[in-house]
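Letters go in sequence order (proteins before strands), and every chain restarts at 1.
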There are 2 protein chains.
Amino acid sequence: MQTAKQMKQFMEPQSVALIGISRDTGEGAFNILKHLLDYGYRGKIYPVNPSASEILGIRTYSSITAVNEDVDLAIITTPRSLVPRLVRECSQSNIQAIEIVAQGFTDANDDEGKQLQEEINDIARTSQIRILGPNTFGTANAFINFSSSFVKIRMEKKPIGVICQTGVFFVGFPELALIGKGIDLGNACDISFAEGLEYFENDPQTKVVVLHIEGMQDTKRFIDIARHTARTKPVVALKTGRSQQAAKAAQSHTGSLIGRNEVWDAALKQSGVIQASDLEEFIDLTRTFSVLPLMQEPRIGVVTISGGLGIVTIDGCQQSGLEIGQLSANTKKLLDAVSPPWLNISNPVDIWPAMMTSPSVMKPLIDGLEALLSDEHLGAVLFLGATFDEKWNTALCQLLNEAAADHQDKPLACCLWGPCGDEAIRGLGDAGKVVGFPTPERAIRALAHLNEYSQLRRIL
Amino acid sequence: MQTAKQMKQFMEPQSVALIGISRDTGEGAFNILKHLLDYGYRGKIYPVNPSASEILGIRTYSSITAVNEDVDLAIITTPRSLVPRLVRECSQSNIQAIEIVAQGFTDANDDEGKQLQEEINDIARTSQIRILGPNTFGTANAFINFSSSFVKIRMEKKPIGVICQTGVFFVGFPELALIGKGIDLGNACDISFAEGLEYFENDPQTKVVVLHIEGMQDTKRFIDIARHTARTKPVVALKTGRSQQAAKAAQSHTGSLIGRNEVWDAALKQSGVIQASDLEEFIDLTRTFSVLPLMQEPRIGVVTISGGLGIVTIDGCQQSGLEIGQLSANTKKLLDAVSPPWLNISNPVDIWPAMMTSPSVMKPLIDGLEALLSDEHLGAVLFLGATFDEKWNTALCQLLNEAAADHQDKPLACCLWGPCGDEAIRGLGDAGKVVGFPTPERAIRALAHLNEYSQLRRIL
């Protein structure tokens, strides 16, 4: 219960102290106070800087002990050598949640770093304090316009919770929602994955939980909690530091113990955590799970405007273990009615010949999608299209969003190939019904994982 | 010699006949004549349509035999049943290069298609005619503003030659140069990969040759020619139709014989052809080979602004068989001078701590890149950065392009992670010195293939 309260202080602080905040607020100053004002954070802010009386019009305090108000969260941004003393002062002021931004603790190549870490650990052990970091970008919460990251980030109120061990995931996910809520564990001397997972599991604003894992101390506890979370929310993980050389580098990045790959792979699988094979898939899966419903049947239908991409799709499904279903007799009949007589109707459905011979070029496509989305044997539908120009793209995206809206329980993914595919995919994302990819293989890998989780969910 | 002349007629026609061109030139009419005028094609155009006297102000002819001028290339766009008669008329008019756009020959599910194909083959066998298609988008050449594709395409004068078996590659490569020159083989009843490769090998406007292969008849000849081409130009291939189900689909897509995967993999490797594992890698490799020089040494240096991405990079290199080199003593010394004393200098070089402690945030990055680009033990440099906002991105891209310009013989690739990474990567592409990727793994896979070809080139 105590931890749950403290996690709210980290994630939803109503008051923050910025200990060691600089007077330099210009460009390139990485000033958290400036960022908080820019974001429009509505909580109370107590800047602490002994050599200033105000910064950006906000009254500053000479030390944290001079702040005689309740402080949910203290963010310490000084160089490492000052940190133990400041943590002690926070403890005296009865502050229970502290983020330590500085680098150079267990991640450093010297004894001083390790010794400083020990001092901090000692204070934490003998008090109620919970610590995030050191070497952290802190926390972010788009729903209250808050982030302690010293790099200014873009946030959006998306139902995605991120727990990571590197600041780079705070800069934002390309092509993605950016950050709904996030925790950077940094060196994870105290707060770790388990605490983050517990917060997100119980957070009604979070639908998908996303983990970047280098390593951790207490894997057993993590696995128990992850399994529990995965029963109600998809949990997606990228496990890095897989090679021996990488494990060594992780040791000096965040001081993490890495553990053996096979053990990790098995543990994540058992917990129902969906493991991404690389950074791109990590993003693709996050997008997929935040937009699409689960698959009721373990096979897909494919509508393609290119026979060539259809073949690429068959290869991709074979490789990802995703089944392309047989079309029902009724679906076949519907498709036969719109296609030229010489065309062999099978799944993937090549819709281009019908489009070329129909008086209305889009009509066969609409009919084809409708037929597959209504086919009860198929658990999801993949559309393979191409982008030609803006007008065509707008019509295509509208058509796809409408088809998805009519079949809200069946996942619809698409690949939009061509020179303006990026924009079209982003456009789709904004409607939040269909998930788009630039190549068939990426769409297939995402659907294969959606299928994997849909199956797992029944037995977790 | 005869074939070389005919391939020029397909690729660089100075006069084209459009047989069966429609009077309908409005939106969605897919009218080649309209496209040619829009592109600004400067060659002579002879539209053939018995029911019109002019289309878009261009005089039309009642039949191809009524055109009493030299015609380099005839493009037949009628339904399939008329094609044999029209090919015969072209033969009578002494036309030696014909593109057949219609579908429904060996790609059809009926006997009529196969019979029509036989008729065409008979004519070709007993004449000098060379045929491209049927079921083809034809040819494209950005250097003369020419394409016979009925879908209007975007072309750019890029040194990339594409040979493909599906029209979708004519719509354009996303993120890429689009089409410099292209041939869609379609069903490949006559002109196939060998003829295309010979053209591109001898074409001074083409530096990289890119193949989309479903299958072919004469693999032995292809392999001989590909090996010859790969001695002077990189040849990148995507082999599709790998699974049994896909092979069956390819049979009804272009009537191709597929062949066994292992045989293909070995044959491509022996010929020095770089094989892409999926569509995305196909594009990434095309971009890489068209921009970067070859690697002189088989190991890379990495500069990263994120320790987390550095670890992802080590994992990726391990998986792709790309070596991260040891830094020379001199390089280490240079990096030590700009970094905080507690930082352990190794490859990947984590440059962020230096950037945070330097009076000028970009200076350590410039020095770090310079140190690695000058290190003779390293064959290429990979930079892992993040994009924050437009101003930062512009500065970063300029810095990277300048570094690459100072080291023109050493490949420089980068990963730009973050919400505006796409635009930054496109910006880099325009300068044509550095190749950018959205994730470390994609950059690594591309460099691994660059290394593979750089090594192979010595023994081909």
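Of the possible polar contacts, one joining the B:Asn347 side chain to the B:Val302 backbone as a donor-acceptor pair under 3.5 Å is found.
In summary, B:Asp315 and A:Arg242 do not engage in a salt bridge, as defined by a charged side-chain N under 4.0 Å from a carboxylate O. With salt bridges taken as basic N to acidic carboxylate O contacts below 4.0 Å, none links B:Asp107 and B:Lys114.
Taking A:Thr439, A:Leu279, A:Asp110 one by one and counting their heavy-atom pairs under 4.5 Å with chain B, the maximum is reached by A:Leu279. With chain A as the partner, the residue from B:Val151, B:Val361, B:Leu343, B:Thr387 showing the most heavy-atom pairs under 4.5 Å is B:Val151. No other option in A:Gln244, A:Gln319, A:Arg80 has as many heavy-atom pairs under 4.5 Å with chain B as A:Arg80.
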(message) side chain to side chain donor-acceptor pair (under 3.5 Å), that's the test. Do B:Thr106 and B:Asn187 meet it? Break it down for me.
(response) CA-CA 7 Å; B:Thr106 49; B:Asn187 295 4; 3.1 Å; yes
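No more than 12 heavy atoms of other residues, nucleotides or ligands sit less than 6.0 Å from atom CD of B:Gln326.
With a 4.5 angstrom heavy-atom cutoff, A:Trp392 does not touch chain B via any of its atoms. Of the atoms belonging to B:Pro348, not a single heavy atom falls under 4.5 Å from chain A. Looking at A:Asp184, there are no atoms closer than 4.5 Å to chain B (heavy atoms on both sides), in backbone or side chain. Of the atoms belonging to A:Lys152, not a single heavy atom falls under 4.5 Å from chain B. Looking at A:Pro79, neither its backbone nor its side chain comes within 4.5 Å of chain B, counting heavy atoms on both sides.
Not a single side-chain contact (heavy atoms from CB on, under 4.5 Å) links B:Ser346 to another residue, sequence neighbours left out.
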